[in-house]
Every structure is written in structure tokens, then in C-alpha cells.
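So the structure is just underneath, and the comments pick up after that.
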Amino acid sequence: MDGMSGPYVIRGSVSLPEAELMWRFSRSGGPGGQHVNTSDSQVELRFDLAKTEALPPVWKERALAKLAGRLVDGVISVRSSEHRSQWRNRETAAVRLASLLAEATAPPPKPRRAIRIPRGINERRLREKKQRSDTKRGRTGRDWG
């Protein structure tokens, strides 16, 4: 089957190498009636993250560290069986793998820098809180006789 919708881009010019993707098909449960019992529509997509040369070394290290819990011998696997057609399940699995790798290879966020809040702003916030609390305290039905 060669109608896949092109290279699955991870980020920038880096995409999933078609040659390194390992596909496995099996029968899936769920909707489909009698047809589903005879067709291998569930898709399992495996990608050897430890051995790949498609990712830049820095990305590879990041991905191996972030996905350590999901890897089995350096291989990451994604399953898809939502759709009745094998082709659509293949698409879904490939897109899911690409987005998983994109998330795992993303650079870490910049660390937050603590800044001092100006005294005037803090005082204004406390004054507004006090006013609000007074307004709410005034709503209790004590004084209504």
C-alpha cells in the first residue's frame, strides 16, 4: 500500500524516515461488523529511537531521556485501532508518533526568573482584596431584620 500522505514532519526539516518504520497489523475489536473479523485493521507502528540516524544527536538524547518509560530496548511503539480502515489507522499512528517525537525533542523551556513585585502594585492588590472582602461581608443577612 503506497498511498501514504507524504513524510511525517517532526519539526523543521526533520521528518520520520519511512525506511526505519516497522509496521505490524492485527485484527482489531470495535465497530465494523463481520468485516472486522476478517481484516487486519489495527496498526502497530514501531520506531527504533536508539539506532536511528534521522534525528540530530541532541534531539535523540532528549527523546531517549523523556520517553525512557515508554521505550522497550530503545524502540518506541504506537498503536491505532480507532478507524475501520487500515489505511486511516496507519495515518493516525504515524501522525501520533511524529507528534510524540516532536514533543520529546523540544528544547526545555527557559527557566523562570524571579522578579521583585513593586511595592505599590502589591499594596494596591491588598487594598482591592480588602475592599472586596468588605463588600462580601456586607452581603450577609445579619442586619436585615
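- At a threshold of 4.5 Å between non-hydrogen side-chain atoms, the residues Leu67 and Leu101 count as touching.
- Between Ser41 and Asn89 the shortest heavy-atom distance is O-ND2, 2.6 Å.
- Counting heavy atoms of neighbouring residues, nucleotides and ligands inside a 6.0 Å radius, atom CD1 of Ile117 does not exceed 12 of them.
- Taken to the nearest 0.5 Å, the OG atom of Ser26 stands 6.5 Å off from the CZ atom of Arg79.
- Criterion: ILVMFWY side-chain heavy atoms under 4.5 Å apart, direct or through other members. Under it, Val75 and Trp23 are not part of a common hydrophobic cluster.
- In this structure, CD in Glu18 is found 11.0 Å from CD in Glu20, a value given to the nearest 0.5 Å.
- Note that CG of Leu126 is 12.0 Å distant from CD of Gln131, once rounded to the nearest 0.5 Å.
- When all heavy atoms are compared, the tightest approach of Thr105 to Trp59 is CG2-O, 3.6 Å.
- Contact check for Leu100 versus Arg96: no side-chain heavy atoms found under the 4.5 Å cut-off.
- Contacts classified as salt bridge (Lys or Arg N to Asp or Glu O under 4.0 Å) and involving residues 98-123 (residues at least two apart or in different chains) are given here: Arg119-Glu123.
- Sorted pairs that involve residues 59-69 and meet salt bridge (Lys or Arg N to Asp or Glu O under 4.0 Å), not counting sequence neighbours, are lacking altogether.
- Between Ala63 and Leu49, the closest heavy-atom pair is CB-CD2, 3.8 Å.
- Interatomic distance, Arg24 CZ to Glu44 CD, rounded to the nearest 0.5 Å: 4.0 Å.
- Residues passing the side-chain contact (heavy atoms from CB on, under 4.5 Å) test with Asp134, sequence neighbours excluded: Lys130, Arg137.
- A distance of 5.0 Å separates CG of Leu45 from CG of Leu97, quoted to the nearest 0.5 Å.
- Residue Arg125 places its CZ atom among more than 12 non-hydrogen atoms of other residues, nucleotides or ligands, all under 6.0 Å distant.
- What you find for Arg90 and Phe25 is that their closest heavy atoms are NH1-CZ, 3.7 Å.
- For the atom pair CG (Asp48) and OG (Ser77), the distance works out to 11.5 Å, reported to the nearest 0.5 Å.
- When all heavy atoms are compared, the tightest approach of Ala93 to Val43 is CB-CG1, 4.2 Å.
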